[in-house]
There are 2 protein chains.
Amino acid sequence: MTRQRAQGRTGIESRSIRRLFREKGIVFTTQREQVLRAVIEAGKHIDAEELHRRLSASRQRVGLATVYRTLQMLREHGLVAESQFGERRHRYEQAEGRHHDHLVCLACGKVQEFEEPAIEQLQERAARRHGFAALSHRLELYGYCRACGRRNTP
Amino acid sequence: MTRQRAQGRTGIESRSIRRLFREKGIVFTTQREQVLRAVIEAGKHIDAEELHRRLSASRQRVGLATVYRTLQMLREHGLVAESQFGERRHRYEQAEGRHHDHLVCLACGKVQEFEEPAIEQLQERAARRHGFAALSHRLELYGYCRACGRRNTP
DNA sequence: CGCTGCCTGAGAATGATTCTCACTCTCTAT
DNA sequence: ATAGAGAGTGAGAATCATTCTCAGGCAGCG
Ligand SMILES: [Mn+2]
Ligand SMILES: [Mn+2]
Ligand SMILES: [Zn+2]
Ligand SMILES: [Zn+2]
């Protein structure tokens with residue numbers, strides 16, 4: 001079995017995921033490695049079904065139940081972030097260092113990311129005012145992206 | 001059939017809902033009236049199933065499908081607001097004039113409302129910066145309420 | 001009062017996610 | 001390396017909130 005030599009731009013090698021899992025106390029399995037790798041390569045906001053489809057096509061086959069289980073586990077370990085965007089299914093992305101929120105276009109479905117540190121601060125302040133200890137949050141703005149806004153209200 | 005005389009504290013009478021519907025171009029039916037009335041009386045964050053149960057118990061029976069259809073319709077007309085709070089089912093509340101966001105306790109499930117006009121402004125600004133025309137948003141903070149926070153981290 | 005067309009309700013259908021359980025694999029300790 | 005214990009996997013069934021279907025019922029308008 002010829003093994004691909006260079007993994008390419010992601011730079012994430014099997015050994016490093018193995019190490020990552022060990023550090024986090026996560027049992028290593030090829031399925032888990034493949035799921036995490038696929039999430040990272042997918043880029044942004046992929047759903048479980050699509051992830052499963054891509055894995056079945058290009059890599060080792062991984063059961064859909066395992067995809068779900070693994071995503072949940074990775075989320076609990078802070079390696080993956082889950083969002084919903086007003087659809088029925090959840091979407092996943094790699095949880096990188098920086099937190100961000102989302103602008104969801106109601107016309108074309110595009111999801112744009114943004115950061116606004118001042119909002120995060122005010123959230124924290126608002127929470128404290130109510131004696132609430134915030135661990136996480138979700139902020140989504142729904143409306144029309146630049147392209148769709150121009151099309152609808154010229 | 002003896003009819004209840006005074007509707008009590010809500011102050012919303014049949015005639016006024018009829019008028020409200022007419023003004024909005026909504027066809028009046030007793031089912032729709034009952035659903036809206038039940039949402040208002042429920043107070044906060046009730047789900048469709050519970051609404052259906054209460055209607056079946058105390059008022060006229062309304063089919064579950066009709067409850068869902070009506071909630072969706074009322075939402076489109078801005079009379080009802082929908083949220084999700086990380087659960088599977090949606091929750092509904094009367095859409096009153098003032099907008100608010102939510103603090104969701106991960107321990108006891110309590111949902112507290114808060115307003116922070118400065119956040120709303122910053123959201124608008126962030127959206128504009130990306131050429132995005134925001135129509136609505138959802139902001140939820142997840143963590144521990146005062147009572148649960150004290151219990152867990154004394 | 002009598003159409004016309006929207007509204008309703010019971011049950012079936014849908015669809016994303018979770019569960020089940022027999023089997024397999026990882027990890028750790030020999 | 002090897003074996004045993006326990007955690008992970010996968011196919012399919014189950015769950016369950018929500019939507020769909022369609023036959024029968026009302027609302028609104030003349
Ligand atoms: Mn994102
Ligand atoms: Mn609320
Ligand atoms: Zn768009
Ligand atoms: Zn609490």
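Computed from a prediction, not measured in an experiment: that's the story for all the values here. Note on naming: letters A, B, ... go to the chains in the order of the sequence lines (proteins, then strands), and numbering restarts at 1 for each one.
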Does [N] have OP1 or OP2 under 4.0 Å away from a side-chain N or O of [X]?
| X | N | value |
| --- | --- | --- |
| His90(A) | dA16(C) | no |
| Arg61(B) | dA10(C) | yes |
| Arg89(B) | dC16(D) | no |
| Thr29(B) | dC26(D) | no |
| Gln31(A) | dG10(D) | yes |

Review point. In terms of side-chain geometry, is the basic nitrogen of Glu116(B) or Arg128(A) positioned less than 4.0 Å from the acidic oxygen of its partner?
Key: no

Check your understanding: So what does Arg88(B) touch, heavy atoms closer than 4.0 Å: a base, only the sugar-phosphate, or nothing?
Key -> base

Check your understanding: Hey, does Arg69(B) reach any base, or is it just sugar-phosphate, or nothing, if we go heavy atoms under 4.0 Å?
Key -> base

Check your understanding: Counting only N and O atoms by type, is there a donor-acceptor contact under 3.5 Å from the side chain of Thr66(B) to the main-chain atoms of Val62(B)?
Key -> no

Point to revise | Within one Ile-Leu-Val-Met-Phe-Trp-Tyr cluster: Tyr142(B) and Ile119(A), side-chain cutoff 4.5 Å | key: no

Taking atom [atom2] of [N] as reference, at what distance in whole Å does atom [atom1] of [X] sit?
| X | N | atom1 | atom2 | answer |
| --- | --- | --- | --- | --- |
| Arg18(B) | dC26(D) | CZ | C1' | 12 Å |
| Glu87(B) | dC16(D) | CD | P | 14 Å |
| Gln72(A) | dA7(D) | CD | P | 17 Å |
| Met73(A) | dG8(D) | CE | P | 8 Å |
| Arg91(B) | dA17(D) | CZ | P | 11 Å |
| Gln60(B) | dC26(D) | CD | P | 10 Å |
| Leu64(A) | dT17(C) | CG | C1' | 8 Å |
| Ile26(A) | dG6(D) | CD1 | P | 22 Å |

Check your understanding: Checking ring-ring contact (aromatic ring centres under 6.0 Å, His included) against His137(A), which of His102(A), His100(A), His99(A) comes through?
Key -> His99(A)

Counting only side-chain heavy atoms from C-beta out, which of [options] sits nearest to [X]?
| X | options | value |
| --- | --- | --- |
| Thr70(A) | dT9(D), dG9(C), dG28(D) | dT9(D) |
| Val27(B) | dC19(C), dA27(D), dT26(C) | dA27(D) |
| Arg32(A) | dG9(C), dG10(D), dT9(D) | dT9(D) |

Practice item. Kindly give the heavy-atom pair with the smallest separation between Asp101(B) and Leu139(B), and that separation in Å. Key: CB-O, 3.4 Å

Review point. More 5' along DNA chain D: Arg22(B) or Tyr68(B), using each one's nearest nucleotide?
Key: Tyr68(B)

